[in-house]
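Here is the structure we will look at, set down as structure tokens.
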Amino acid sequence: MKITTIECVPLSLPRKMKGENAKPGNVLLVKINTDEGITGMGDAGGVNNEILINMIKSWAPFLIGADPIDKGVIMEKIGRAIHSVWGMSYPAAVCSIDFAL
């Protein structure tokens, strides 16, 4: 099985907190598709979707063609691919890929 595509779907979901008006909550849905028709999904919320999308797109060259079962190998490559400090968005991006795998 090989990863064929990675899709990032930004969502803005209404949420209502006690004593406040409804306001949007940012969520990024990440879909990992395979050549066997299996799709894995992960999500991250409460962070800047634009940063997450850019991070995940930067990982596409080594994610596409990888075996999604080899999570350890993929996570090691993601760890080596980080060349700058991304702040709180980094763990969210890694988790969304991990969940989708």
Side-chain angles (χ1 to χ4, degrees):
M1 179 170 21
K2 301 292 179 200
I3 296 171
T4 56
T5 60
I6 301 161
E7 299 174 62
C8 294
V9 182
L11 303 170
S12 184
L13 304 174
R15 62 181 174 172
K16 192 167 188 174
M17 300 178 78
K18 188 175 182 176
E20 294 183 29
N21 294 328
K23 58 185 176 180
N26 291 336
V27 176
L28 182 69
L29 178 65
V30 177
K31 295 168 58 176
I32 293 180
N33 303 300
T34 69
D35 60 351
E36 294 186 13
I38 298 170
T39 299
M41 289 189 250
D43 68 314
V47 294
N48 185 315
N49 282 346
E50 186 176 334
I51 291 173
L52 287 178
I53 291 167
N54 287 328
M55 289 179 73
I56 292 167
K57 283 182 179 181
S58 76
W59 300 336
F62 59 80
L63 290 172
I64 304 297
D67 182 347
I69 303 301
D70 291 335
K71 281 176 54 171
V73 171
I74 293 170
M75 289 299 160
E76 183 179 321
K77 288 180 180 180
I78 287 173
R80 287 191 308 233
I82 301 299
H83 296 292
S84 62
V85 177
W86 288 89
M88 290 305 291
S89 296
Y90 168 71
V94 172
C95 289
S96 66
I97 294 293
D98 187 33
F99 293 160
L101 292 171

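Side chains included, hydrogens not; waters and symmetry mates left out as well; all remaining heavy atoms used. Nothing here was measured: the structure is a model prediction, and the numbers come from that model.
- In this structure, N48 contributes its side chain and I51 its backbone to a donor-acceptor pair below 3.5 Å.
- Of all heavy-atom pairs spanning A60 and I6, the tightest one is CA-CD1, 4.3 Å.
- Considering CG of N33 and OG1 of T39, their distance stands at 4.0 Å, rounded to 0.5 Å.
- Within the 4.5 Å cutoff, the side chain of L28 has heavy atoms near those of the C8 side chain.
- Hydrophobic cluster membership differs between I38 and L101, with clusters built from Ile, Leu, Val, Met, Phe, Trp and Tyr side chains linked at under 4.5 angstrom.
- Under the 4.5 Å side-chain heavy-atom criterion for Ile, Leu, Val, Met, Phe, Trp and Tyr, F62 and M75 are members of the same hydrophobic cluster.
- A 6.0 Å sphere centred on CD of E7 holds more than 12 heavy atoms belonging to other residues, nucleotides or ligands.
- Across every non-hydrogen atom of D35 and M1, the tightest pair is OD1-CA, 3.5 Å.
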(request) Begin with the C-alpha distance, continue with both residues' side-chain angles, and end with the deciding distance and a verdict on side chain to side chain contact (heavy atoms under 4.5 Å, CB included) for I97 and L63. (result) CA-CA 10 Å; I97 294 293; L63 290 172; 4.1 Å; yes
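- Note on V27: it clusters hydrophobically with M41, by side-chain heavy-atom contacts below 4.5 Å among ILVMFWY residues.
- Annotation for L52 and A44: closest pair CD1-CB, 3.8 Å, computed over non-hydrogen atoms.
- Considering all non-hydrogen atoms of both residues, F99 and G42 come closest at CB-CA, 3.6 Å.
- Nearest heavy atom pair, residue I74 against residue D67, reads CD1-O, 3.5 Å.
- I64 and T5 make their closest contact through CD1-CA, 3.7 Å (heavy atoms, listed as atom of the first residue, atom of the second, distance).
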